[in-house]
Amino acid sequence: MRNRIKILAAVVLGLILAVQLLLVLFPFKNLSSFESKPVSKVFFDDTGKLLQVTSLQDGTRCEYIPVADMPADVKKIFVKAEDKRFYFHNGADSLALLNAAVQNLFNKKIVRGASTINMQLVKMINQNSDVTVSRKLSDIFYARVLEAKRTKKQILELYLNNIFFGQGAVGIGSAARTYYGCTVDQLTREQICCLAIIPRNPSLYNPFKNPASCAERASSLYNKIYHKKATADEFAKFLPVSAFTYPYEAPHYIRYLVNNLEDTDSSHTTSTYNLSINLELQHYAERLVNDGLNMATESRISNASLLLIENKTGKPVAWVGSADFFDNNHSGQIDGVLVNNQPGSSMKPFLYALALETKDSLGQSMYTPSSILADIPQEFGEQELYIPSNFNNRFNGPVRFRVALASSLNVPAVSIINSIGVKNYLNKLFELGFDSLKQTGEQADLGLALGAAGVSLKELVPAFAVFVRDGKDFAGNQIYTSDTARLIDDFLSDKAARVTGFGYSQVFETKYPSIFKTGTSNQYQNIIALGATKEYTVGVWMGNFSGQTVVGKTGSSLPAWVAKSLLDYIHGNEVSYSRLAFDEPQNWKKEKICSLSGMIAGPDCPATVYEYCQEGSSRGKCTWHKMQDGELVTAYPAEYQQWVRKTRPGLQVEYSDTPLEIHSPKNNSIFYYSELQKEKLAIPVEVFGGMQDTLIVLYDEDFYTEIERPFAFSLPVEQGVHTCTVICGEESQSIIYQVK
Ligand SMILES: [Zn+2]
């Protein structure tokens with residue numbers, strides 16, 4: 001008898017083990033894909049403000065929380081509410097099933113589910129909500145399979161993170177945020193009870209639509225668990241009041257991140273990202289971009305984008321892909337930060353920097369800041385003739401290296417790339433991170449000097465930052481020497497040097513040290529501005545995604561205004577800017593040179609400037625200026641002879657001691673103000689003569705600007721009668737003009 005019992009016990013035990021083994025091994029094919037479902041990601045700005053909780057493909061959100069991070073109250077309340085014997089049954093609750101079976105028998109229909117957490121989970125995993133007996137049996141079976149394959153903790157985690165709460169919230173993490181605008185660990189017991197009621201019937205117990213039924217069930221659950229006697233009315237105050245409005249900030253950047261994270265972040269719990277984005281600056285940048293567009297209503301500019309990075313890390317602080325993400329009429333979902341557009345002249349600093357570092361076959365620098373470049377009609381290239389013209393369709397003859405860059409002159413840029421080699425320049429651009437040029441760079445050939453091959457703001461902005469980072473990129477590579485970078489900073493912050501190309505433009509006036517470069521693509525499809533201080537670099541693109549020609553824009557105005565306004569917002573109110581000051585190049589010293597020939601100034605040179613010269617290099621005195629029979633004669637090199645004849649007829653002496661004269665406009669001129677071309681309008685002023693090299697300009701009797709030769713600048717167009725006075729040493733001249 002004893003032996004029989006032993007055998008029987010062994011058989012029973014064996015059977016139980018066999019069943020258990022069978023359950024463990026039984027395939028549950030939907031389980032692992034269910035466990036690796038995508039979940040929401042949560043993004044914060046650099047101050048901890050919520051930027052976005054990403055939606056899933058079906059529009060719901062699921063902030064997936066590991067069971068270890070789940071507050072004890074949440075686990076307790078949900079288990080009590082849904083499956084109080086959860087920790088004691090093996091997947092299906094036999095007691096509850098028996099009870100249900102009896103009731104069903106009496107009622108002759110299925111009235112109670114007796115669904116355990118496992119069984120509810122099985123329904124979700126197998127996505128079947130049939131209410132048939134065979135379905136029920138299958139659920140019970142899979143509930144046991146699940147129990148055999150996973151721990152109680154894992155099952156509870158899966159359950160709490162996958163139940164549907166209505167309002168697009170999947171799982172308790174998203175329910176907490178959607179209903180109470182908080183995280184799961186901030187929920188009170190009363191709030192958890194309210195939430196625990198909802199999944200039973202998300203529309204019936206929706207606390208916004210049916211607060212009374214929700215409060216009634218929630219209070220009774222609460223009373224049962226905590227032995228209290230709260231009434232439904234008393235409980236109403238714990239109900240959520242309104243659904244949380246999910247922010248949708250920095251939409252383009254976060255979409256970019258999510259697309260690029262997919263490969264690296266395969267965790268199925270919700271990841272939290274603390275981004276470098278600053279929401280305040282992001283909002284301000286969005287506003288500026290829209291203000292800029294509103295000012296451009298007369299041109300065909302329909303969209304704009306902006307990227308602001310911090311120069312310490314290169315990480316984005318503001319990323320505006322388009323003026324309005326939701327504006328489908330203007331392809332608002334396109335991310336202009338990532339789109340390749342022709343950058344035009346905004347690329348020139350990279351070329352000029354390389355030029356400063358290129359040596360000839362004798363090991364001598366091919367270019368220095370005082371090199372003279374010929375801005376005269378020229379042909380380049382062997383196969384094709386390439387005759388670049390300047391933005392203002394004017395040629396300036398001999399120009400200093402500094403002026404050629406700051407004024408964005410085209411012929412000098414092409415002559416530089418022609419002499420240092422397209423390949424060399426292209427390799428430098430690759431070093432700078434312009435990967436998109438690997439496709440198109442070679443084809444652009446000499447046009448590369450003028451930015452004829454498309455690049456993105458995402459490439460352009462960090463590359464431009466190299467100049468204010470002493471030549472280093474964000475990986476720490478020394479792309480240019482620190483001296484080269486500092487020289488470029490000096491050129492690009494030189495207001496006087498820009499006059500040749502743009503006239504005097506207030507758009508670049510900043511209280512703090514800054515550099516700017518603008519660009520316009522060949523067909524005026526894109527206008528770009530880059531700006532930087534030591535701490536931030538910003539790039540702005542304007543145009544339209546359809547590639548239509550932009551009209552009525554001078555290229556440097558609106559994007560530059562946006563870029564400058566953003567830097568003003570960041571730096572404008574500081575007391576001291578000493579920490580933003582650009583450093584002096586170490587191996588260069590300023591010397592007085594002839595502003596025409598670039599050589600060391602001689603006694604007869606009529607105009608001189610101070611320019612960085614390499615220490616120790618022996619440089620001759622100016623040979624262009626000579627006194628002959630008591631008269632100053634300018635001996636231009638042969639290549640300029642034709643240009644001199646055309647542009648300076650009968651004029652051998654450019655700037656001599658002729659009396660100061662406002663050459664244009666003439667006194668009592670009348671200008672007609674046009675609303676249509678407001679952006680384009682400026683009154684160009686040319687002044688001849690004068691004994692000194694600096695000119696002070698008064699506009700309506702107030703100080704307006706101080707410039708060096710050549711004396712050319714622009715005045716604003718403002719309706720009314722105005723005076724302009726120029727002062728050069730002892731001399732002064734005034735004109736009156738009217739804008740109607
Ligand atoms: Zn000279």
Side-chain angles (χ1 to χ4, degrees), residues 392 394-400 402-403 406-407 409 493-511 554 556-557 592-596 601 604-611 625 632 634 647-673 680-740:
N392 57 11
R394 201 178 83 179
F395 293 96
N396 299 280
V399 284
R400 280 176 289 121
R402 166 190 295 270
V403 174
S407 290
L409 304 179
S493 54
D494 183 344
K495 291 161 195 85
R498 277 195 285 256
V499 169
T500 307
F502 301 114
Y504 181 74
S505 169
Q506 269 175 314
V507 82
F508 300 111
E509 270 307 318
T510 58
K511 287 194 277 181
T554 60
S556 61
S557 58
K592 198 175 183 186
I593 62 167
C594 171
S595 69
L596 190 67
D604 305 321
C605 295
T608 59
V609 286
Y610 283 90
E611 182 55 277
H625 293 113
L632 183 68
T634 311
T647 60
R648 307 279 190 272
L651 206 75
Q652 271 285 55
V653 182
E654 241 287 69
Y655 316 115
S656 68
D657 34 17
T658 56
L660 187 71
E661 175 206 350
I662 299 180
H663 181 75
S664 68
K666 298 292 178 214
N667 198 23
N668 296 321
S669 295
I670 296 171
F671 296 91
Y672 289 91
Y673 182 86
K680 204 179 168 184
L681 281 182
I683 296 172
V685 182
E686 267 193 274
V687 178
F688 288 176
M691 303 294 281
Q692 304 215 344
D693 293 334
T694 49
L695 187 77
I696 292 165
V697 181
L698 306 182
Y699 173 57
D700 288 344
E701 309 305 324
D702 281 333
F703 176 80
Y704 184 66
T705 183
E706 181 175 323
I707 57 167
E708 287 177 358
R709 288 187 191 279
F711 297 158
F713 57 94
S714 301
L715 289 173
V717 179
E718 295 167 324
Q719 274 167 301
V721 177
H722 301 280
T723 62
C724 173
T725 305
V726 295
I727 304 162
C728 183
E730 305 286 312
E731 300 171 85
S732 76
Q733 271 270 314
S734 286
I735 53 159
I736 294 177
Y737 66 93
Q738 192 180 359
V739 178
K740 280 190 172 171

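All values reported here derive from a predicted model rather than from experimental measurement.
Nearest heavy atom pair, residue Arg400 against residue Ser595, reads NE-O, 3.3 Å. The shortest heavy-atom contact between His625 and Asp604 is CB-O, 4.0 Å. Minimum heavy-atom separation, Cys724 to Ile662: O-CD1, 4.1 Å. When every heavy atom of Ile593 is checked against every heavy atom of Glu611, the shortest pair comes out as CD1-CB, 3.4 Å.
Classified by interplanar angle (parallel below 30°, tilted 30° to 60°, perpendicular above 60°), the ring pair Phe713/Tyr704 is tilted. Aromatic ring orientation, Tyr737 versus His722: tilted (interplanar angle from 30° to 60°).
We find the OG1-CD1 distance between Thr725 and Ile696 to be 11.5 Å, quoted to the nearest 0.5 Å. Here the OG atom belonging to Ser734 is positioned 8.0 Å from the CD1 atom belonging to Ile727, to the nearest 0.5 angstrom. Between the CG atom in Asn396 and the OG atom in Ser407 there is a gap of 7.5 Å [rounded to 0.5 Å].
A heavy-atom distance below 4.5 Å is found between the side chains of Pro398 and Leu596.
Taking Thr723 as the reference, Asp700, Glu701, Ile736 meet the side chain to side chain contact (heavy atoms under 4.5 Å, CB included) condition, with sequence neighbours excluded.
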